[in-house]
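Accompanying notes for the structure given below.
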Amino acid sequence: MQIHHGKHHQAYITNVNTALEGLDDLAALSVEDLLRNVDQLLSIMVADMPNHSLFWTIMSPNGGGNPTPEVAAAIESACGSLEAAKEQFVTAATTRFGSGWAWVVVDETGSIQIYSTANQDSPIMQGHTPILGLDVWEHAYYLNYQNLRPAYIEAWTNVINWEEVARRYAAAKG
Ligand SMILES: [Fe+2]
């Protein structure tokens, strides 16, 4: 996790900064080419940072266990039970082909949803507020788990900082 944070994330920030410095290069593209790639361009440049910023805060060496009562109630009302929610989350994280993120979000109606997004895409792009997110890019787990994404996901549930998730849930509910 330290390498993931210190090296990969830092490299990403450096790349974004470099990309921003290089805006002159973008000006050289045709308007059509810019438009064709603008979603991808924007999400690469912008979404990756809030994804990781959330990720680092919702983990703790003393994490794990169950969600706080308020979050647990919201999850149970959306998914039936905490077990069903965990299964849904693990499935979302495991079946995301290639790189991406698995999420627990508060949607536009204030309900919990669990799903995954591709690459660096953020739930914020569809108007949802993420309260829990798991990086399932291979760079997140290859050092300890090689290609064993399910083992990484299972181990990760033991470091979830539910206090921070509760704080984010309360903020999302307003
Ligand atoms: Fe990452």
Side-chain angles (χ1 to χ4, degrees), residues 1-6 8-10 12-13 43-44 46-145 148-174:
M1 219 37 107
Q2 281 169 350
I3 293 208
H4 181 191
H5 180 265
H8 291 289
H9 194 214
Q10 188 52 49
Y12 217 101
I13 290 171
S43 85
I44 288 170
V46 180
D48 188 72
M49 281 192 278
N51 288 354
H52 280 91
S53 297
L54 175 142
F55 187 51
W56 308 130
T57 61
I58 50 98
M59 293 182 285
S60 159
N62 309 314
N66 284 323
T68 60
E70 203 189 359
V71 172
I75 290 175
E76 282 163 0
S77 120
C79 306
S81 67
L82 290 179
E83 294 70 36
K86 182 177 175 184
E87 200 178 308
Q88 209 179 317
F89 186 87
V90 169
T91 301
T94 311
T95 57
R96 167 54 58 188
F97 183 76
S99 296
W101 290 73
W103 302 102
V104 178
V105 307
V106 177
D107 71 15
E108 61 276 24
T109 69
S111 296
I112 296 283
Q113 284 191 37
I114 296 174
Y115 57 78
S116 72
T117 58
N119 303 317
Q120 65 288 309
D121 286 353
S122 162
I124 298 170
M125 293 159 74
Q126 46 186 314
H128 296 166
T129 306
I131 60 170
L132 179 68
L134 172 61
D135 186 342
V136 293
W137 287 59
E138 204 169 61
H139 73 222
Y141 57 89
Y142 73 97
L143 283 176
N144 287 339
Y145 301 101
L148 302 175
R149 190 188 285 186
Y152 159 68
I153 297 165
E154 187 56 40
W156 179 78
T157 61
N158 294 319
V159 297
I160 296 174
N161 178 356
W162 287 111
E163 303 293 319
E164 174 63 15
V165 175
R167 196 193 63 74
R168 288 176 180 270
Y169 175 71
K173 293 286 282 183

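Listed for the Arg149 side chain is a donor-acceptor partner under 3.5 Å among the backbone atoms of Ala93. One N or O on the side chain of Trp137 and one on the backbone of Asn119 form a donor-acceptor pair closer than 3.5 Å. At least one donor-acceptor pair under 3.5 Å links the side chain of Ser53 to the backbone N or O of Met49.
Proximity of Ile124 to Pro130: side-chain heavy atoms (C-beta onward) are separated by under 4.5 Å at one or more points. Using a 4.5 Å heavy-atom cutoff, the side chains of Leu54 and Arg168 are in contact. Within the 4.5 Å cutoff, side-chain heavy atoms of Val104 are placed close to those of Ile112. Val165 places none of its side-chain heavy atoms less than 4.5 Å from the side chain of Pro67. Leu132 is listed as a side-chain neighbour of Trp162, based on a closest heavy-atom distance under 4.5 Å. Side-chain atoms of Thr91 and Ile114, non-hydrogen and from C-beta on, never get closer than 4.5 Å to each other.
The CD atom of Gln88 sits 13.0 Å away from atom CD of Glu83, with the distance rounded to the nearest 0.5 Å. How far CE of Met59 is from CG of Asn158: 13.0 Å, rounded to the nearest 0.5 Å. In this structure, the separation between CG on Asn51 and CG on Leu134 is 11.5 Å, given to the nearest 0.5 Å. Put simply, NE2 on His128 and OG on Ser122 are 10.5 Å apart, with the number rounded to the nearest 0.5 Å. Taking CD1 from Ile75 and CG from Asn66, the interatomic distance works out to 9.5 Å, rounded to the nearest 0.5 Å. Here the CE atom belonging to Met1 is positioned 10.5 Å from the CG atom belonging to Leu143, to the nearest 0.5 angstrom.
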Evaluation steps, salt bridge (charged side-chain N to carboxylate O under 4.0 Å, His left out), between Arg167 and Glu164
CA-CA 5 Å; Arg167 196 193 63 74; Glu164 174 63 15; 2.8 Å; yes
CA sep, side-chain torsions, deciding dist, call: Trp56, His4, side-chain contact (heavy atoms from CB on, under 4.5 Å):
CA-CA 10 Å; Trp56 308 130; His4 181 191; 3.6 Å; yes
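Between Ala92 and Tyr115 the shortest heavy-atom distance is CB-C, 4.0 Å. Considering every non-hydrogen atom in both Gly110 and Lys173, the closest pair reads O-NZ, 3.3 Å. When all heavy atoms of Val106 and Tyr169 are compared, the pair lying nearest together is CG2-CD1, 3.7 Å. For the residue pair Trp101 and Val136, the shortest heavy atom distance occurs at N-CG2, 4.0 Å. Nearest approach of His52 to Asp135, heavy atoms of both residues: NE2-OD2, 3.0 Å. Thr94 approaches Pro150 most closely through the heavy-atom pair CG2-CG, 4.1 Å.
Around the CG atom of Leu148, the shell of radius 6.0 Å holds more than 12 heavy atoms that belong to other residues, nucleotides or ligands. Counted within 6.0 Å of CD on Glu87, heavy atoms from surrounding residues, nucleotides or ligands total 12 or fewer; the atom is thus considered open.
Here the two rings, on His9 and Phe55, have centers that are 6.0 Å apart or farther.
In this structure, Tyr141 and Tyr152 have parallel ring planes: the angle between them is below the 30° cut-off, well short of the 60° mark. Ring planes of Phe89 and Trp156: parallel class, angle under 30° (limits at 30 and 60°).
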